[in-house]
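Notes for the one structure printed next.
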Amino acid sequence: MVKKYGFGKEIETDAVSEKIEESSKSELEIEATTDAEGTHFTMELTDETAVYGLGEQMRGINKRGWIYTSRNMDDPSLTESRESLYGSHNFILITTKERNSGIFIDATGRVTYDIGYTKYDELRITVSGGFDLYTIEERTALEVVREFRRIIGKSYVPPKWALGYGQSRWGYKTEADVREIVSGFEKNKLPLSMIYLDIDYMDRYKDFTIDKNRFPDFEGLVRELKAKGIRLIPIIDAAIKIEEGYEVYDEGVKNNRFCKDKEGKEFVVGVWPGDSVLPDVLNKETREWFGEKYKILLDKGIEGFWNDMNEPSLFYSKQNFVKCINEIAEKKGKDLQAEDFNHINYLLSQLANNEEDFKSFYHNADGKTISHDKVHNVYGYLLTRAAAEYFEKYNPNKKYLLFSRSSSIGMHRYGGIWMGDNASWWVHMLSEFKMLPSLNMCGFLYVGADVGGFDGNTTEDLLLRWFALNIFIPLMRNHSVPQSRRQEPYMFGKTEVFRNFLNIRYKLIPYIYEELERCAESNEMLFKPLAFEYPDDERAKETEDQLIFGKEVMLSPVFEQNASGRYVYLPEKMKLIKMKSCEEFTVTELEQGDHYIKVPLDTFAFFVKENGYSKIMDYIQK
Ligand code: MIG
């Protein structure tokens, strides 16, 4: 059962698409108090309580024992000490033997979840600003999720081709670069469905432009690649370059489309294009205007996009940058000491994504003037929604690929997400895996992390294990930074193994897509923790490096370097399928309990439940 309680929300987020009447606060079972910090909800955690949810966050699937914050943030050090990442997903699920309860906080500002961090046996949620609170009580964890997903509306489903393999790298700059990738895949007989274009395709980082020198015949290239089954997927950043004569900027200024400072002038920020302004997507008309800009690329045959820097991520605000430079200039010619050095370092470190900046620019949220810090967490969602709503107008009969870095609940209806700037670390494979069920709970089904790791140098064994891990993950994109070692699948010795893994993926696409559509339609999770599927099994409850995919598959990837196998826990009798290729595989039946399985580097291993075996085999042997 769902109940809604009003706490004076700042704006309508449309996160919940179902109309729900407000209940009286006297019915609320959670202790609520209010002080200068905001509204607090406090609950006791017994030893057996587990807390799930929160979407894109580090650490475990069970979120107990840490403090998490909803504050969309671009910071590429994805470590255990982080409290927030790029998205804010304010849904948690609390399970005990007796009860399964969900809480959704429909807020646009900061929310903190202290889940046994300050006090081991206490959950304390603090919400700054206004919000709506939803509570959901159901018999099982899976039913709580289904009910929550029902009220937030149907999840985005991409076109089927978006389940193919995508090759990306920040550093493909020209038509020649793109052709080199295509021929690398062709020569090595590797399937390829998408090539991603990062910021260098644009004319000096101006959204919706193309650098004519680098891509003299963009439309021709798009057409030619599409004939081979390969789509070009350009990036769109949030900020718009200040440049007279640049249509998007000129129109935006003329029609008041950008965020303003307190005097009502455009608030100037710095991102890739240099001095820029931010589209005020809290405003419906601005969303319509910004969405329509995608037409420029849609008309050139583009069918998919990735939206970046939309937390929004700011290198600096003009006002702060100027202040900082002046302060540093004052030191000129003076006797400099360690404290000066530290102070300058500090000043520079405070430029990016500064909370004071977030307080000093404003939105026109459909008539209500509101400072950015109060609505920060929905900016990326609304920017992505602007695009999706335009695609619907542009061609209502077609599905487009769209995913975003920043997000909040509500955006799950409009696009997917990628998990941001991970690194070529083994532990980041595990992070991707653990975020899957948490994101699914919050409605995001089309998700995935940068395969091979974005930052740092990958190794062939890491990349192979990562390919194997992603065989069942809807978004399978290899992406990396310019200064890292190249990581296309033909850059190493074991090209044949990469080819086999990709061929297995392509065989499974119809199955994965069917499951994805089914889960979107019926509000289910594509990736489930064992705890949800086997709630009475104590071992299953604590198993976080295995997941149930759809109705019949169990995944148990290898997450460690130099391991030629791993332990798995089987909550019931299952068949182990070990595949070297679609033609060469073995099937072994294993009993409920613990097993050590050998998984050499050239092998993809997964489990199927008794009832799923023939179905899966049909797909593989088709
Ligand atoms: O400041 O466009 O997460 O995928 O390659 C970095 C360049 C901006 C961050 C994205 C990453 C992308 C990169 N972008």
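On a predicted model such as this, the values are computed, not experimentally measured, just so you know. Read the numbers this way: they start at 1 and go in the same order the structure lists the ligands and their atoms. Throughout, residue positions are numbered sequentially from 1 according to the sequence presented.
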Parallel, tilted or perpendicular: which fits the ring planes of H363 and H372, with parallel below 30° and perpendicular above 60°?
tilted

Taking the side chain as every heavy atom from C-beta outward, state whether R385 and Y414 have any pair of such atoms under 4.5 Å apart.
yes

Counting only nitrogen or oxygen atoms and a 3.5 angstrom limit, does D198 reach ligand 1?
yes

Taking only non-hydrogen atoms of I235 and a 4.0 Å limit, the atoms of ligand 1 in range are 2 (O)

Which class fits the ring pair F604 and F472: parallel under 30°, tilted 30 to 60°, perpendicular over 60°?
tilted

In ligand 1, the atoms that come under 4.0 Å of a heavy atom of M309 are 1 (O), 8 (C)

Less than 3.5 Å between some nitrogen or oxygen of R477 and one of ligand 1, yes or no?
no

Tell me which one of D74, N422, D421 gets a heavy atom nearest to atom 3 (O) of ligand 1.
D421

salt_bridge(E224, K228) N-O dist < 4.0 Å:
no

What about W170: any of its N or O atoms under 3.5 Å from an N or O on ligand 1?
no

Below 4.0 Å, non-hydrogen atoms only: which portion of V481 touches ligand 1? Side chain, backbone, both or neither.
neither

Quick check on contacts: which atoms of ligand 1 are under 4.0 angstrom from a heavy atom of H479?
4 (O), 5 (O), 11 (C), 12 (C)

I'd like to check D211 versus Y205 (side-chain heavy atoms, cut-off strictly below 4.5 Å). Are they in contact?
no

As an exercise, identify every atom of ligand 1 less than 4.0 angstrom from a heavy atom of F454.
4 (O), 5 (O), 11 (C)

Do the rings of F185 and Y165 sit parallel, tilted or perpendicular, given the 30° and 60° boundaries?
tilted

Residues in side chain to side chain donor-acceptor pair (under 3.5 Å) contact with R231, at least two apart in sequence or another chain
E303

Taking heavy atoms and a distance under 4.0 Å, where does Y196 meet ligand 1: side chain, backbone, both or neither?
neither

May I ask you to list the atoms of ligand 1 that are less than 4.0 angstrom from any heavy atom of I199?
2 (O)

Quick check on contacts: which atoms of ligand 1 are under 4.0 angstrom from a heavy atom of W272?
1 (O), 6 (C), 8 (C)

In ligand 1, the atoms that come under 4.0 Å of a heavy atom of W418 are 3 (O), 4 (O), 10 (C)

With ring centroids as reference points, do W425 and W466 lie under 6.0 angstrom apart?
no

